[in-house]
Number of protein chains: 2
Amino acid sequence: MQDPERIHAILDEAPVCHVGFTVDGQPFVIPTLHGRRGDRLYLHGAKASRLLKHAAAGLPLCVTATLVDGLVLARSVFHHSMNYRSVVLFGTGRQLESDGEKLEALAAISDHLLPGRWNDARLPTRKELDATSVIEVKIDEATAKMRTGGPKDDEADYALPHWAGVLPLRTVAGPPEPDPLRKADVPLPSYLGSR
Amino acid sequence: MQDPERIHAILDEAPVCHVGFTVDGQPFVIPTLHGRRGDRLYLHGAKASRLLKHAAAGLPLCVTATLVDGLVLARSVFHHSMNYRSVVLFGTGRQLESDGEKLEALAAISDHLLPGRWNDARLPTRKELDATSVIEVKIDEATAKMRTGGPKDDEADYALPHWAGVLPLRTVAGPPEPDPLRKADVPLPSYLGSR
(Lines give C-alpha, C1' and ligand atoms only; values in the text may rest on other atoms or scores of the structure.)
Protein backbone atom coordinates (compact mmCIF):
# COMPACT_ATOMS: atom_id res chain seq x y z
CA MET A 1 0.00 0.00 0.00
CA GLN A 2 1.35 3.42 -0.98
CA ASP A 3 1.74 6.10 1.66
CA PRO A 4 -0.18 4.74 4.67
CA GLU A 5 0.36 7.98 6.62
CA ARG A 6 -1.49 10.02 4.03
CA ILE A 7 -4.25 7.41 3.82
CA HIS A 8 -4.67 7.41 7.60
CA ALA A 9 -4.68 11.21 7.79
CA ILE A 10 -7.48 11.49 5.20
CA LEU A 11 -9.55 8.80 6.91
CA ASP A 12 -9.08 10.57 10.24
CA GLU A 13 -10.05 14.01 8.95
CA ALA A 14 -13.16 12.94 7.03
CA PRO A 15 -16.19 13.09 9.35
CA VAL A 16 -17.98 10.32 7.46
CA CYS A 17 -17.12 7.69 4.90
CA HIS A 18 -19.24 6.14 2.17
CA VAL A 19 -19.44 2.35 2.19
CA GLY A 20 -20.23 0.51 -1.02
CA PHE A 21 -21.56 -3.04 -1.18
CA THR A 22 -23.41 -5.04 -3.79
CA VAL A 23 -26.63 -6.99 -3.40
CA ASP A 24 -27.80 -9.05 -6.40
CA GLY A 25 -25.72 -6.91 -8.74
CA GLN A 26 -27.12 -3.63 -7.41
CA PRO A 27 -24.52 -1.36 -5.78
CA PHE A 28 -25.43 0.48 -2.57
CA VAL A 29 -23.51 3.48 -1.21
CA ILE A 30 -24.28 4.38 2.40
CA PRO A 31 -22.74 7.22 4.44
CA THR A 32 -21.65 6.25 7.93
CA LEU A 33 -19.37 7.21 10.80
CA HIS A 34 -16.07 5.42 11.15
CA GLY A 35 -13.00 5.21 13.34
CA ARG A 36 -9.44 4.01 12.90
CA ARG A 37 -6.73 2.45 15.04
CA GLY A 38 -3.50 1.63 13.22
CA ASP A 39 -4.30 -0.21 10.02
CA ARG A 40 -7.87 -1.11 11.03
CA LEU A 41 -10.98 0.81 10.08
CA TYR A 42 -14.09 0.38 12.22
CA LEU A 43 -17.76 0.72 11.30
CA HIS A 44 -20.72 0.28 13.59
CA GLY A 45 -24.46 0.28 13.58
CA ALA A 46 -27.60 -1.56 14.50
CA LYS A 47 -27.37 -5.31 13.94
CA ALA A 48 -30.50 -5.10 11.80
CA SER A 49 -29.11 -2.56 9.33
CA ARG A 50 -28.49 -3.79 5.80
CA LEU A 51 -25.04 -2.24 5.67
CA LEU A 52 -23.93 -3.91 8.88
CA LYS A 53 -25.44 -7.28 7.96
CA HIS A 54 -23.67 -7.16 4.65
CA ALA A 55 -20.36 -6.05 6.13
CA ALA A 56 -20.59 -8.75 8.81
CA ALA A 57 -21.05 -11.42 6.13
CA GLY A 58 -17.56 -10.75 4.80
CA LEU A 59 -18.66 -9.71 1.32
CA PRO A 60 -16.53 -7.25 -0.69
CA LEU A 61 -16.71 -3.65 0.46
CA CYS A 62 -15.42 -0.36 -0.87
CA VAL A 63 -14.99 2.40 1.71
CA THR A 64 -14.39 5.90 0.38
CA ALA A 65 -13.58 9.04 2.38
CA THR A 66 -13.50 12.39 0.63
CA LEU A 67 -12.45 15.88 1.75
CA VAL A 68 -13.42 18.76 -0.53
CA ASP A 69 -10.77 21.48 -0.26
CA GLY A 70 -11.78 23.95 -2.93
CA LEU A 71 -13.25 24.79 -6.30
CA VAL A 72 -10.66 25.30 -9.02
CA LEU A 73 -11.72 27.95 -11.51
CA ALA A 74 -9.78 27.78 -14.76
CA ARG A 75 -10.22 30.16 -17.67
CA SER A 76 -11.65 27.31 -19.73
CA VAL A 77 -14.69 25.33 -18.64
CA PHE A 78 -12.75 22.20 -19.55
CA HIS A 79 -10.03 22.72 -16.96
CA HIS A 80 -12.32 23.51 -14.05
CA SER A 81 -11.69 21.09 -11.25
CA MET A 82 -11.85 20.53 -7.53
CA ASN A 83 -9.14 20.37 -4.92
CA TYR A 84 -9.78 17.33 -2.78
CA ARG A 85 -8.23 14.47 -0.88
CA SER A 86 -9.78 11.03 -1.00
CA VAL A 87 -9.13 7.47 0.03
CA VAL A 88 -10.66 4.46 -1.70
CA LEU A 89 -10.26 1.27 0.29
CA PHE A 90 -11.17 -2.26 -0.76
CA GLY A 91 -11.64 -5.01 1.75
CA THR A 92 -13.97 -7.27 3.59
CA GLY A 93 -15.51 -6.83 6.99
CA ARG A 94 -14.94 -8.95 10.06
CA GLN A 95 -17.56 -8.79 12.76
CA LEU A 96 -16.04 -8.21 16.19
CA GLU A 97 -17.38 -10.60 18.80
CA SER A 98 -15.65 -10.00 22.12
CA ASP A 99 -16.71 -7.14 24.37
CA GLY A 100 -13.11 -5.97 24.59
CA GLU A 101 -12.65 -5.71 20.83
CA LYS A 102 -16.04 -4.07 20.37
CA LEU A 103 -15.46 -1.48 23.07
CA GLU A 104 -12.03 -0.62 21.74
CA ALA A 105 -13.45 -0.13 18.24
CA LEU A 106 -16.37 1.96 19.55
CA ALA A 107 -13.86 4.10 21.46
CA ALA A 108 -11.97 4.61 18.18
CA ILE A 109 -15.18 5.72 16.45
CA SER A 110 -15.97 8.05 19.36
CA ASP A 111 -12.43 9.47 19.35
CA HIS A 112 -12.75 10.10 15.66
CA LEU A 113 -16.00 12.01 16.18
CA LEU A 114 -14.61 14.02 19.06
CA PRO A 115 -11.42 13.17 20.97
CA GLY A 116 -12.05 13.05 24.72
CA ARG A 117 -15.75 12.30 24.46
CA TRP A 118 -15.53 8.56 25.16
CA ASN A 119 -14.38 9.28 28.73
CA ASP A 120 -17.16 11.80 29.28
CA ALA A 121 -20.27 9.81 28.44
CA ARG A 122 -22.13 6.82 29.81
CA LEU A 123 -20.53 3.67 28.40
CA PRO A 124 -22.65 0.99 26.70
CA THR A 125 -24.76 -1.37 28.78
CA ARG A 126 -24.82 -5.09 28.11
CA LYS A 127 -28.02 -4.70 26.11
CA GLU A 128 -26.70 -1.77 24.09
CA LEU A 129 -23.46 -3.57 23.28
CA ASP A 130 -25.37 -6.67 22.17
CA ALA A 131 -27.55 -4.56 19.87
CA THR A 132 -24.52 -2.98 18.21
CA SER A 133 -22.67 -4.58 15.34
CA VAL A 134 -19.03 -3.53 15.03
CA ILE A 135 -17.07 -4.33 11.88
CA GLU A 136 -13.33 -4.22 11.33
CA VAL A 137 -11.89 -3.67 7.86
CA LYS A 138 -8.16 -4.05 7.35
CA ILE A 139 -6.66 -1.09 5.55
CA ASP A 140 -4.37 -2.93 3.18
CA GLU A 141 -5.71 -2.33 -0.30
CA ALA A 142 -6.22 1.43 -0.30
CA THR A 143 -5.22 4.37 -2.47
CA ALA A 144 -5.14 8.08 -1.73
CA LYS A 145 -5.80 10.61 -4.45
CA MET A 146 -5.61 14.35 -4.20
CA ARG A 147 -5.51 17.56 -6.16
CA THR A 148 -3.98 20.74 -4.79
CA GLY A 149 -2.99 24.11 -6.20
CA GLY A 150 -4.31 26.48 -8.83
CA PRO A 151 -5.84 25.88 -12.25
CA LYS A 152 -3.82 24.52 -15.18
CA ASP A 153 -5.02 26.25 -18.31
CA ASP A 154 -3.96 25.84 -21.90
CA GLU A 155 -1.17 28.29 -22.68
CA ALA A 156 -3.29 30.40 -25.05
CA ASP A 157 -6.04 30.78 -22.46
CA TYR A 158 -3.97 32.63 -19.85
CA ALA A 159 -4.64 35.88 -21.70
CA LEU A 160 -8.43 35.50 -21.47
CA PRO A 161 -10.29 38.02 -19.31
CA HIS A 162 -11.77 35.44 -16.92
CA TRP A 163 -10.94 35.36 -13.22
CA ALA A 164 -9.03 32.19 -12.37
CA GLY A 165 -7.95 30.73 -9.08
CA VAL A 166 -9.25 28.68 -6.20
CA LEU A 167 -12.24 29.15 -3.94
CA PRO A 168 -11.15 27.29 -0.78
CA LEU A 169 -13.77 25.26 1.05
CA ARG A 170 -13.57 23.77 4.51
CA THR A 171 -15.79 22.35 7.20
CA VAL A 172 -16.08 24.39 10.37
CA ALA A 173 -17.85 23.87 13.67
CA GLY A 174 -20.25 26.48 14.98
CA PRO A 175 -20.88 27.25 18.65
CA PRO A 176 -22.02 24.15 20.59
CA GLU A 177 -25.80 24.08 21.11
CA PRO A 178 -26.75 22.66 24.54
CA ASP A 179 -29.63 20.18 24.60
CA PRO A 180 -32.86 22.13 25.33
CA LEU A 181 -34.00 19.11 27.37
CA ARG A 182 -31.07 19.35 29.81
CA LYS A 183 -31.99 19.12 33.47
CA ALA A 184 -28.82 20.62 34.89
CA ASP A 185 -26.32 23.07 33.51
CA VAL A 186 -23.18 21.14 32.74
CA PRO A 187 -20.20 23.35 31.87
CA LEU A 188 -18.85 23.06 28.35
CA PRO A 189 -16.19 20.31 28.42
CA SER A 190 -12.62 21.21 27.51
CA TYR A 191 -12.77 19.14 24.29
CA LEU A 192 -15.46 21.56 23.09
CA GLY A 193 -14.00 24.58 24.82
CA SER A 194 -11.92 26.02 22.04
CA ARG A 195 -14.83 26.09 19.59
CA MET B 1 -40.61 8.91 -5.31
CA GLN B 2 -41.13 10.62 -1.95
CA ASP B 3 -40.53 14.34 -1.61
CA PRO B 4 -38.68 15.27 -4.83
CA GLU B 5 -38.13 18.84 -3.61
CA ARG B 6 -36.15 17.68 -0.61
CA ILE B 7 -34.19 15.21 -2.75
CA HIS B 8 -33.34 17.93 -5.27
CA ALA B 9 -32.32 20.40 -2.54
CA ILE B 10 -29.88 17.92 -0.98
CA LEU B 11 -28.38 17.02 -4.35
CA ASP B 12 -27.98 20.72 -5.14
CA GLU B 13 -26.33 21.61 -1.83
CA ALA B 14 -23.84 18.72 -1.76
CA PRO B 15 -20.63 19.78 -3.53
CA VAL B 16 -19.83 16.22 -4.58
CA CYS B 17 -21.63 12.91 -4.78
CA HIS B 18 -20.32 9.37 -4.39
CA VAL B 19 -21.09 7.03 -7.27
CA GLY B 20 -21.18 3.29 -6.66
CA PHE B 21 -20.83 0.66 -9.37
CA THR B 22 -19.88 -2.99 -9.39
CA VAL B 23 -17.23 -4.71 -11.50
CA ASP B 24 -17.01 -8.52 -11.23
CA GLY B 25 -18.73 -8.43 -7.85
CA GLN B 26 -16.39 -5.80 -6.43
CA PRO B 27 -18.10 -2.52 -5.48
CA PHE B 28 -16.39 0.78 -6.29
CA VAL B 29 -17.31 4.12 -4.70
CA ILE B 30 -15.89 7.17 -6.46
CA PRO B 31 -16.41 10.84 -5.49
CA THR B 32 -17.30 13.13 -8.37
CA LEU B 33 -18.90 16.45 -9.25
CA HIS B 34 -22.48 16.47 -10.43
CA GLY B 35 -25.21 18.76 -11.65
CA ARG B 36 -28.99 18.62 -11.84
CA ARG B 37 -31.74 19.94 -14.08
CA GLY B 38 -35.26 18.93 -13.13
CA ASP B 39 -35.34 15.19 -12.52
CA ARG B 40 -32.03 14.49 -14.27
CA LEU B 41 -28.66 14.16 -12.58
CA TYR B 42 -25.53 14.70 -14.66
CA LEU B 43 -22.04 13.29 -14.23
CA HIS B 44 -19.04 13.98 -16.42
CA GLY B 45 -15.44 13.02 -16.86
CA ALA B 46 -12.79 11.78 -19.22
CA LYS B 47 -14.03 9.13 -21.64
CA ALA B 48 -11.23 6.85 -20.45
CA SER B 49 -12.22 6.90 -16.77
CA ARG B 50 -13.55 3.67 -15.32
CA LEU B 51 -16.49 5.39 -13.66
CA LEU B 52 -17.59 7.06 -16.88
CA LYS B 53 -17.12 3.94 -18.98
CA HIS B 54 -19.17 1.98 -16.52
CA ALA B 55 -21.89 4.62 -16.26
CA ALA B 56 -22.04 4.91 -20.05
CA ALA B 57 -22.59 1.16 -20.36
CA GLY B 58 -25.94 1.45 -18.59
CA LEU B 59 -25.03 -0.80 -15.65
CA PRO B 60 -26.68 -0.26 -12.26
CA LEU B 61 -25.44 2.76 -10.31
CA CYS B 62 -26.01 4.10 -6.83
CA VAL B 63 -25.41 7.83 -6.40
CA THR B 64 -25.25 9.12 -2.83
CA ALA B 65 -24.99 12.75 -1.71
CA THR B 66 -24.41 13.51 1.97
CA LEU B 67 -24.41 16.74 3.97
CA VAL B 68 -23.01 16.55 7.49
CA ASP B 69 -24.82 19.08 9.68
CA GLY B 70 -23.52 18.34 13.14
CA LEU B 71 -22.30 15.94 15.79
CA VAL B 72 -24.99 14.89 18.24
CA LEU B 73 -23.58 14.37 21.73
CA ALA B 74 -25.87 12.33 23.94
CA ARG B 75 -25.20 11.49 27.58
CA SER B 76 -24.79 7.84 26.61
CA VAL B 77 -22.26 6.66 24.05
CA PHE B 78 -25.03 4.56 22.53
CA HIS B 79 -27.19 7.53 21.56
CA HIS B 80 -24.45 9.59 19.98
CA SER B 81 -25.34 10.38 16.42
CA MET B 82 -24.88 12.78 13.56
CA ASN B 83 -27.20 15.33 12.08
CA TYR B 84 -27.13 14.92 8.33
CA ARG B 85 -29.12 14.99 5.13
CA SER B 86 -28.52 12.41 2.45
CA VAL B 87 -29.94 11.16 -0.82
CA VAL B 88 -29.45 7.64 -2.13
CA LEU B 89 -30.41 7.29 -5.77
CA PHE B 90 -30.55 4.10 -7.83
CA GLY B 91 -30.51 4.19 -11.59
CA THR B 92 -28.63 3.59 -14.77
CA GLY B 93 -26.64 6.02 -16.83
CA ARG B 94 -27.37 7.15 -20.36
CA GLN B 95 -24.48 8.61 -22.30
CA LEU B 96 -25.38 11.91 -23.93
CA GLU B 97 -24.41 12.08 -27.58
CA SER B 98 -25.52 15.38 -29.10
CA ASP B 99 -23.50 18.53 -28.53
CA GLY B 100 -26.63 20.33 -27.38
CA GLU B 101 -27.45 17.80 -24.69
CA LYS B 102 -23.85 17.59 -23.55
CA LEU B 103 -23.42 21.35 -23.30
CA GLU B 104 -26.65 21.74 -21.37
CA ALA B 105 -25.56 19.07 -18.90
CA LEU B 106 -22.09 20.57 -18.53
CA ALA B 107 -23.71 23.95 -17.87
CA ALA B 108 -25.79 22.29 -15.13
CA ILE B 109 -22.62 20.85 -13.55
CA SER B 110 -20.93 24.25 -13.77
CA ASP B 111 -23.97 26.03 -12.30
CA HIS B 112 -23.92 23.55 -9.45
CA LEU B 113 -20.27 24.28 -8.76
CA LEU B 114 -20.75 28.03 -8.97
CA PRO B 115 -23.79 29.75 -10.47
CA GLY B 116 -22.76 32.31 -13.07
CA ARG B 117 -19.44 30.73 -13.91
CA TRP B 118 -20.54 29.02 -17.15
CA ASN B 119 -21.03 32.43 -18.79
CA ASP B 120 -17.66 33.68 -17.59
CA ALA B 121 -15.26 31.03 -18.92
CA ARG B 122 -14.09 29.76 -22.28
CA LEU B 123 -16.59 27.18 -23.52
CA PRO B 124 -15.45 23.73 -24.69
CA THR B 125 -13.77 23.32 -28.05
CA ARG B 126 -14.76 20.52 -30.43
CA LYS B 127 -11.83 18.45 -29.21
CA GLU B 128 -12.59 19.07 -25.52
CA LEU B 129 -16.24 18.19 -25.97
CA ASP B 130 -15.33 14.98 -27.79
CA ALA B 131 -12.97 13.99 -24.98
CA THR B 132 -15.68 14.48 -22.34
CA SER B 133 -18.21 11.83 -21.43
CA VAL B 134 -21.46 13.15 -20.01
CA ILE B 135 -23.91 10.82 -18.32
CA GLU B 136 -27.54 11.40 -17.44
CA VAL B 137 -29.21 9.52 -14.59
CA LYS B 138 -32.94 9.86 -14.12
CA ILE B 139 -33.84 10.72 -10.53
CA ASP B 140 -36.80 8.40 -10.09
CA GLU B 141 -35.77 5.80 -7.54
CA ALA B 142 -34.32 7.98 -4.79
CA THR B 143 -34.79 8.40 -1.07
CA ALA B 144 -33.83 11.23 1.25
CA LYS B 145 -32.87 10.57 4.85
CA MET B 146 -32.08 13.10 7.50
CA ARG B 147 -31.57 13.62 11.20
CA THR B 148 -32.06 16.96 12.87
CA GLY B 149 -32.29 18.23 16.43
CA GLY B 150 -30.74 17.37 19.75
CA PRO B 151 -29.84 14.06 21.36
CA LYS B 152 -32.46 11.54 22.48
CA ASP B 153 -31.25 9.94 25.67
CA ASP B 154 -32.81 7.28 27.83
CA GLU B 155 -34.95 8.89 30.50
CA ALA B 156 -32.67 7.87 33.38
CA ASP B 157 -29.62 9.35 31.65
CA TYR B 158 -30.83 12.95 31.59
CA ALA B 159 -29.57 13.39 35.15
CA LEU B 160 -26.00 12.36 34.25
CA PRO B 161 -23.31 15.05 34.52
CA HIS B 162 -22.28 14.87 30.86
CA TRP B 163 -22.65 17.81 28.49
CA ALA B 164 -25.19 17.01 25.80
CA GLY B 165 -26.21 18.84 22.68
CA VAL B 166 -25.14 19.43 19.12
CA LEU B 167 -21.89 20.64 17.66
CA PRO B 168 -23.04 22.14 14.34
CA LEU B 169 -20.83 21.62 11.29
CA ARG B 170 -20.98 23.34 7.95
CA THR B 171 -18.89 23.91 4.86
CA VAL B 172 -17.72 27.47 4.30
CA ALA B 173 -15.77 29.18 1.56
CA GLY B 174 -12.63 31.13 2.38
CA PRO B 175 -11.39 34.20 0.50
CA PRO B 176 -10.86 33.47 -3.22
CA GLU B 177 -7.18 32.84 -4.08
CA PRO B 178 -6.24 34.29 -7.49
CA ASP B 179 -4.10 32.11 -9.75
CA PRO B 180 -0.42 33.02 -9.13
CA LEU B 181 0.13 32.42 -12.86
CA ARG B 182 -2.33 35.14 -13.92
CA LYS B 183 -1.06 37.52 -16.59
CA ALA B 184 -3.56 40.30 -16.01
CA ASP B 185 -5.49 41.40 -12.98
CA VAL B 186 -9.08 40.44 -13.56
CA PRO B 187 -11.48 41.90 -10.99
CA LEU B 188 -13.26 39.42 -8.75
CA PRO B 189 -16.49 38.49 -10.53
CA SER B 190 -19.80 39.24 -8.86
CA TYR B 191 -20.59 35.55 -8.31
CA LEU B 192 -17.51 35.43 -6.03
CA GLY B 193 -17.94 38.96 -4.74
CA SER B 194 -19.88 38.31 -1.59
CA ARG B 195 -17.36 35.77 -0.30
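Below, chains carry the letters A, B, ... as their sequence lines are ordered, and counting in each starts from 1.
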Count the heavy-atom pairs under 4.5 Å between each of [options] and chain A, then report the option with the highest count.
{"options": "Asp185(B), Thr171(B), Leu33(B), Val172(B)", "result": "Val172(B)"}
{"options": "Pro124(B), Gly70(B), Pro151(B)", "result": "Pro151(B)"}
{"options": "Leu181(B), Thr66(B), Asp179(B)", "result": "Asp179(B)"}
{"options": "Leu73(B), Leu160(B), Leu61(B), Val63(B)", "result": "Leu73(B)"}
{"options": "Phe28(B), Trp118(B), Trp163(B)", "result": "Trp163(B)"}

Is [X] in contact with chain B via its backbone, its side chain, both, or neither, using a 4.5 Å heavy-atom distance?
{"X": "Leu123(A)", "value": "both"}
{"X": "Asn119(A)", "value": "neither"}
{"X": "Arg117(A)", "value": "side chain"}
{"X": "Leu106(A)", "value": "neither"}
{"X": "Leu89(A)", "value": "neither"}
{"X": "Ser86(A)", "value": "side chain"}
{"X": "His18(A)", "value": "both"}
{"X": "Thr125(A)", "value": "neither"}
{"X": "Pro187(A)", "value": "backbone"}
{"X": "Val88(A)", "value": "side chain"}
{"X": "Val68(A)", "value": "side chain"}

Taking [X] for the side chain and [Y] for the main chain, is one N or O donor matched with an acceptor at less than 3.5 Å?
{"X": "His112(A)", "Y": "Asp12(A)", "value": "yes"}
{"X": "Lys102(B)", "Y": "Leu129(B)", "value": "yes"}
{"X": "Ser49(B)", "Y": "Gly45(B)", "value": "no"}
{"X": "Asp69(B)", "Y": "Leu169(B)", "value": "no"}
{"X": "Asp154(B)", "Y": "Ala156(B)", "value": "no"}
{"X": "Lys53(A)", "Y": "Lys47(A)", "value": "no"}
{"X": "Asn83(B)", "Y": "Gly149(B)", "value": "yes"}
{"X": "Tyr158(A)", "Y": "Asp153(A)", "value": "yes"}
{"X": "Arg94(A)", "Y": "Leu96(A)", "value": "no"}

CG on Leu114(B) to CG on Leu192(B), rounded to 0.5 Å:
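Atom-to-atom, Leu192(B):CG and Leu114(B):CG are 5.0 Å apart.
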Is a salt bridge present between Arg122(B) and Glu128(B), judged by a nitrogen-to-oxygen distance below 4.0 Å?
yes
Do NZ/NE/NH1/NH2 and the carboxylate oxygens of Arg36(A) and Glu13(A) come within less than 4.0 Å?
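Between Glu13(A) and Arg36(A) there is no salt bridge, as every charged N stays at least 4.0 Å from the carboxylate O atoms.
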Contact origin within [X] toward chain A - heavy atom pairs under 4.5 Å:
{"X": "Asp120(B)", "value": "both"}
{"X": "Ile109(B)", "value": "neither"}
{"X": "Val16(B)", "value": "side chain"}
{"X": "Ala107(B)", "value": "neither"}
{"X": "Pro178(B)", "value": "both"}
{"X": "Asp24(B)", "value": "neither"}

Most chain B-contacting option - heavy-atom pairs closer than 4.5 Å, from [options]:
{"options": "Tyr84(A), Phe21(A), Phe90(A)", "value": "Phe90(A)"}
{"options": "Ser76(A), Gly150(A), Gly20(A)", "value": "Ser76(A)"}
{"options": "Arg75(A), His80(A), Arg182(A)", "value": "Arg75(A)"}

Tell me whether [X] at atom [atom1] has more than 12 heavy atoms from other residues, nucleotides or ligands lying less than 6.0 Å away.
{"X": "Glu5(A)", "atom1": "CD", "value": "no"}
{"X": "Arg6(A)", "atom1": "CZ", "value": "no"}
{"X": "Arg147(A)", "atom1": "CZ", "value": "yes"}

